[in-house]
A.B. asks: 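Structure in C-alpha cells, see below.
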Number of protein chains: 2
Amino acid sequence: MQRLLIVEDEPALRRALTINLKARHYEVEAVATGSAALKAAAGVTPDLAIIDLGLPDMDGVEVIAGLRGWSSVPIIVLSARDSQSQKVRALDAGADDYVTKPFGMDELVARVRAALRRADTHELPGEPVVTTSAFTLDLAAKRARRGDLEVRLTPTEWHLVEALLRRPGTLVSGAQLLAEVWGPGYEKEINYLRVYFAQLRRKLEDEPSHPRHFITEPGIGYRFEP
Amino acid sequence: MQRLLIVEDEPALRRALTINLKARHYEVEAVATGSAALKAAAGVTPDLAIIDLGLPDMDGVEVIAGLRGWSSVPIIVLSARDSQSQKVRALDAGADDYVTKPFGMDELVARVRAALRRADTHELPGEPVVTTSAFTLDLAAKRARRGDLEVRLTPTEWHLVEALLRRPGTLVSGAQLLAEVWGPGYEKEINYLRVYFAQLRRKLEDEPSHPRHFITEPGIGYRFEP
DNA sequence: CCGTGGCGTCAAGAACCCATCAAGGAATTG
DNA sequence: CAATTCCTTGATGGGTTCTTGACGCCACGG
C-alpha cells in the first residue's frame, strides 16, 4: 500500500483529508507543523507528500526545500491564496503539483493518483541528442556541432542548454533558469541570461540576430524550439 | 444520482424548486436558513448548491464564504432584480453563477446542468490546454494559436487569460480579475480590463466586435465561454 | 427627448525589457 | 607561473508593453 504524508495545520481539513484518502486505500500519516513533517518524512519514507503552504511554524517553501534536499518524493502543494508568485516559488523549490483552496476532494485524489503514476513510470530522459535545422547537441557527450564543424560551449552554456532542453517547446521562466543554473538567490540576475543567450545564439544559430531555436518571450521567459 | 442543496427561505419557492428538480431526477435537500445550510452541506456533501441571497438569519454572501472555506462545490445564486452590487459580492465570495428573480424554471435547470457538467470535467492534472472553435491556448507552454498561425500574448494578457480560464464558464467579477492580475488595490481600474479584453479579442476571436468566448456581463464581470 | 453610466476603441507618453558591446577580474589550463 | 578562457558587471540604444486619458456608442431611466 502506498504511504502519504499530509502536512496541514487546520484540524478540520487535516481530518477530512485523512478520512478521504484512507477511504481510497492509502496509508496516511498526518502532521500539523513543518518540523514534524521533516521528522515524519525521514521516519515513514512516504510515497507522496501533501503540504499546506500556510503553516504556523515555518514557510511551506522551506519544508519543500528541506525535503528536496535528500528525497525525490512527489510533492503536492495546498495553498489558500491564488498568489501566482507563491505558486512559482513552490514549484521552483521542487513541488510537483499545486492545488488551490478550496478544492474538491475528487480533484485532489486525481492529482495524487497522477503524481504517483508519474513517479512510478519514473520518466526517463529521452535521447540525450538533440538535432535541429541549424545544429546538433549531444548532451551526454557534451558535443556541439553546427553543420560540419564542431563548436565549443563553456560549462555554464551547457548547463543553460540542458535546463532549457529538458522541456522542449515549453516556456521556462527566467527565474527558473537562473535558479537551476546559477543556484537559488540568483533569480534577479536577468542580465546573465541575456549575455549567455546572446553567446549561444552566436555559436549555434544560423542568424544570431533572428534566432529560430532559442526564442525569447518578452517578460515571460525563454523557449527552445526544436 | 446527483445531490442538490437548496437554500431558500420563502416556502412557496422552496417547494417549487424542490418539486421541479426532483422531477428532473435530482436528489434534493432543501433548507430555509443559512446556518441550516452550512450544517446540511457538511452532512450530505451536495454536488451543487442553490442559494438565495436574501435569507433571514444571515447574509447569503456569508453562507457562500462559509462553504468556500473547505469545499469547491458549485454554487448558483438567486437574487432579486435590483441588487447588482450584492451579485458582485456573491461572485467575489466564490459563487459560480447567478440567476435573477423572477426566473424561468427552464433557465435555472439549464444553469444547474451546465454547472454540474463543468464540475464533472473539472480540469484534471493533465495538460492545461484549452481549445475553442476559434483558438487554442496552452497555459503551461504559454502558446496561443488561432487556426494555424501562432499568436503572441504579452505577460499581462497571459495573466488575465489564466485568471479567467481557472473557472471556465463561470462568471468572474471585474474586481476579482483586477486584484488577481494587477494586485490588491487595483480593484477600481476597470479601464485596464476594457483595454486588455479588447486586445485579447482582437488577437483571439474570429469577430472581435462580436466576441463568442470572452463575454462581458455588463455591470457584473466577465465570463469565458469554452 | 435628453442625461447618465457602462462599455469598446484609439492614441500617445512613460516605463520596462531586451540585445549587444566592452572591460575588469576570476578561474582554468598548460 | 603565465596565458587563455570564462564569468561578471555596467552602459547604451532600440523596441515592446503598460498606463492613462479622451471620445463615441449604446442601453437605460427620468
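Protein chains get the first letters and strands the later ones, always in sequence-line order, with residue 1 at the start of each.
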A.B. asks: Step by step, would you call B/Val112 with B/Ile50 a side-chain contact (heavy atoms from CB on, under 4.5 Å)?
C.D. replies: CA-CA 9 Å; B/Val112 167; B/Ile50 299 172; 4.0 Å; yes
A.B. asks: Identify the residue among A/Tyr192, A/Tyr222, A/Phe224 that makes a ring pair (Phe, Tyr, Trp, His ring centres under 6.0 Å) with A/Phe197.
C.D. replies: A/Tyr222
A.B. asks: Counting just side-chain N and O atoms, does A/Thr154 come under 4.0 Å of either OP1 or OP2 of D/dC6?
C.D. replies: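 Looking at the OP1 and OP2 atoms of D/dC6, neither is under 4.0 Å from any side-chain N or O of A/Thr154.
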A.B. asks: Please give me every residue in residues 199-212 of chain A whose heavy atoms get under 4.0 Å of an atom in DNA chain D, ordered by residue number.
C.D. replies: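 The answer is none.
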A.B. asks: Could you check how far CZ of A/Phe197 sits from C1' of C/dC21, rounded to whole Å?
C.D. replies: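 Taking atom C1' of C/dC21 as the reference, CZ of A/Phe197 is at 19 Å.
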A.B. asks: Could you tell me whether the side chain of B/Arg223 and the main chain of B/Thr170 form a donor-acceptor pair under 3.5 Å?
C.D. replies: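 Pair absent, no side-chain N/O of B/Arg223 close to backbone of B/Thr170.
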A.B. asks: Separation of A/Leu153 atom CG from D/dT5 atom C1', in whole Å?
C.D. replies: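 A/Leu153 atom CG is separated from D/dT5 atom C1' by 14 Å.
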A.B. asks: Using atom CD of B/Glu217 as one end and atom C1' of D/dA27 as the other, report the distance to the nearest whole Å.
C.D. replies: 15 Å
A.B. asks: Can you pull out the residues from residues 179-196 of chain A that lie within a 4.0 Å heavy-atom distance of DNA chain D?
C.D. replies: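 Those residues whose heavy atoms fall under 4.0 Å from DNA chain D, taken from residues 179-196 of chain A in numerical order, are A/Trp182, A/Asn191, A/Tyr192, A/Val195, A/Tyr196.
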A.B. asks: Hey, do the aromatic rings of B/Phe135 and B/Phe214 have their centres closer than 6.0 Å?
C.D. replies: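 Distance test on ring centres: under 6.0 Å, yes.
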A.B. asks: Side chains of B/Tyr98 and B/Ser79: any donor to acceptor distance under 3.5 Å?
C.D. replies: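 B/Tyr98 and B/Ser79 do not have a side-chain donor-acceptor pair below 3.5 Å.
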A.B. asks: After noting the C-alpha distance and the side-chain angles of B/Arg89 and B/Asp59, does the key distance pass the salt bridge (charged side-chain N to carboxylate O under 4.0 Å, His left out) rule?
C.D. replies: CA-CA 11 Å; B/Arg89 283 202 304 134; B/Asp59 189 356; 3.2 Å; yes
A.B. asks: Tell me: CZ of A/Arg152 to P of D/dC7, nearest whole Å?
C.D. replies: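 In whole Å, D/dC7 P and A/Arg152 CZ are 11 Å from each other.
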A.B. asks: Which listed nucleotide (D/dC18, C/dA19, C/dG8) is nearest to the side chain of B/Thr216?
C.D. replies: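 For the B/Thr216 side chain, the nearest candidate turns out to be C/dG8.
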A.B. asks: Starting at atom CD1 of A/Ile220, determine the distance to atom C1' of D/dT17, rounded to an integer number of angstrom.
C.D. replies: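 A/Ile220 atom CD1 is separated from D/dT17 atom C1' by 11 Å.
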A.B. asks: Look at A/Tyr222 and C/dC17 and indicate whether a side-chain polar atom (N or O) is within less than 4.0 Å of OP1 or OP2.
C.D. replies: no
A.B. asks: Checking salt bridge (charged side-chain N to carboxylate O under 4.0 Å, His left out) for the pair B/Arg68/B/Asp92: CA distance, chi angles, key distance, verdict?
C.D. replies: CA-CA 11 Å; B/Arg68 275 288 173 270; B/Asp92 285 344; over 6 Å; no
A.B. asks: Just to verify, what does B/Asp206 make a side-chain hydrogen bond (donor to acceptor under 3.5 Å, both in side chains) with, not counting sequence neighbours?
C.D. replies: none
A.B. asks: As a test of reading the structure: which of C/dC18, D/dC18, C/dG8 is closest to the side chain of A/Pro218, going by heavy atoms?
C.D. replies: C/dC18
A.B. asks: Counting only heavy atoms not in A/Arg212, do more than 12 fall under 6.0 Å of its CZ?
C.D. replies: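 No, CZ of A/Arg212 has 12 or fewer neighbouring heavy atoms, counting only those of other groups under 6.0 Å.
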A.B. asks: Separation of B/Leu178 atom CG from C/dC7 atom P, in whole Å?
C.D. replies: 11 Å
